[in-house]
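Each remark here refers to the structure printed beneath this line.
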Amino acid sequence: MSSIAYANALYKPPKTADLMKLYKLMFSRSGFLDWWPGDTKEEIFVGAILTQQTTWKNVEKAMANLKAAKLLSIKQLSNATTNEIGSCIKPSGYYRQKSNHLKGACSYILKNYGSLEGLFKLKTKELRKTLLSIKGIGPETADSIILYAAEKPTFVIDAYTKRIMGRVFGTSQDMSYSELKSLFESSLRPNTDLYNDFHAQFVELGKNYCKTKPLCGSCPVKVMCKYVKSSNV
DNA sequence: ACCCAGGTGGCCC
DNA sequence: GGGCCACATGGG
């Protein structure tokens, strides 16, 4: 047996109490984060697409440009040209792709459901499937929209979640999105408020610490490793 | 002059 | 189902 296979055989996934311990540690550090940063459901929807592989600061610039150009709504985005959208969203990167995706997604929703609210009437499972069928919306963006705009319980996984879970509980960096998602959803009750703040805490912690460098002495993640593991059941 | 950021689609096997 | 690559601007 290889050493990796041996480690996998010994590995035990975190239980409910372990996950809640981590959540409480992050909460006590940052407080309630009150996500998503966006005024309306439509802004949350747009922000979820714009924030792909980009910092929120750059998304804010793009959103401000869209707002100034009166393009920050489903209806206006579906009527605008991709050039108009693209010139607004340059700061958030991948602007040629994202302007196509934004226009396409908004047109699709408007045509088939009339509005975001119309789309959100779908049951969670069907809503997720529908979102995933839209170009430009992958698993993380779909779950962000469901959780933060539609306000239905689905656990959002991102790079920070994967990284912090690896460091605190030793989960593999090879875990797929769906594996990591079900790790949380099989242990935690489907509570929108908990899922909302849990993910927000991961991002808040992740973007400030331990990006790709080794753990530093004062890194909160390192402190959490000690606390969480010392009380492991 | 690098490296990275709250991923995703297309293509391939 | 998974591996690889292009996509693009802004900040460290």
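Basis for what follows: all heavy atoms, side chains included, without hydrogens, waters or symmetry-related copies. In what follows, chains are A, B, ... by sequence order, proteins preceding strands, each numbered from 1. If you're wondering where the values come from, they're calculated on a predicted model, not measured in any experiment.
Remark: A:K98 NZ to A:T51 OG1 distance equals 7.0 Å, nearest 0.5 Å.
The A:S176 side chain lies nearest to C:dG2 when the options are C:dG2, B:dG7, C:dA8. Distances were taken from every side-chain heavy atom of A:K135 (C-beta onward) to each of B:dG7, B:dG10, C:dT9; the shortest belongs to B:dG10. For A:K90, whose side chain is taken as the heavy atoms from C-beta onward, the closest listed nucleotide among B:dT8, C:dT9, B:dA5 is C:dT9. For A:K61, taking side-chain heavy atoms from C-beta onward, the closest of the listed nucleotides C:dG10, B:dG10, C:dA8 is C:dG10.
Comparing A:S144 and A:H101 by the nucleotide of DNA chain B that holds the closest heavy atom to each, the one mapping nearer the 5' end is A:S144. The residue among A:K57 and A:Q53 whose nearest nucleotide of DNA chain C is located toward the 5' end is A:Q53.
Aromatic rings of A:F155 and A:F198 (six-membered ring for Trp) have centroids within the 6.0 Å cut-off, being under it.
B:dA1 and C:dA8: their P atoms are spaced 23 Å apart (whole Å).
For the pair A:K98 NZ and C:dG10 P, the computed distance is 12 Å after rounding to whole Å.
Ion pairing between A:E204 and A:R29 fails under the 4.0 Å rule for side-chain N and carboxylate O.
For the pair A:R163 and B:dA5, the criterion of a side-chain N or O lying under 4.0 Å from OP1 or OP2 is met.
For A:K181 and A:T154, the side-chain atoms include at least one donor-acceptor pair closer than 3.5 Å.
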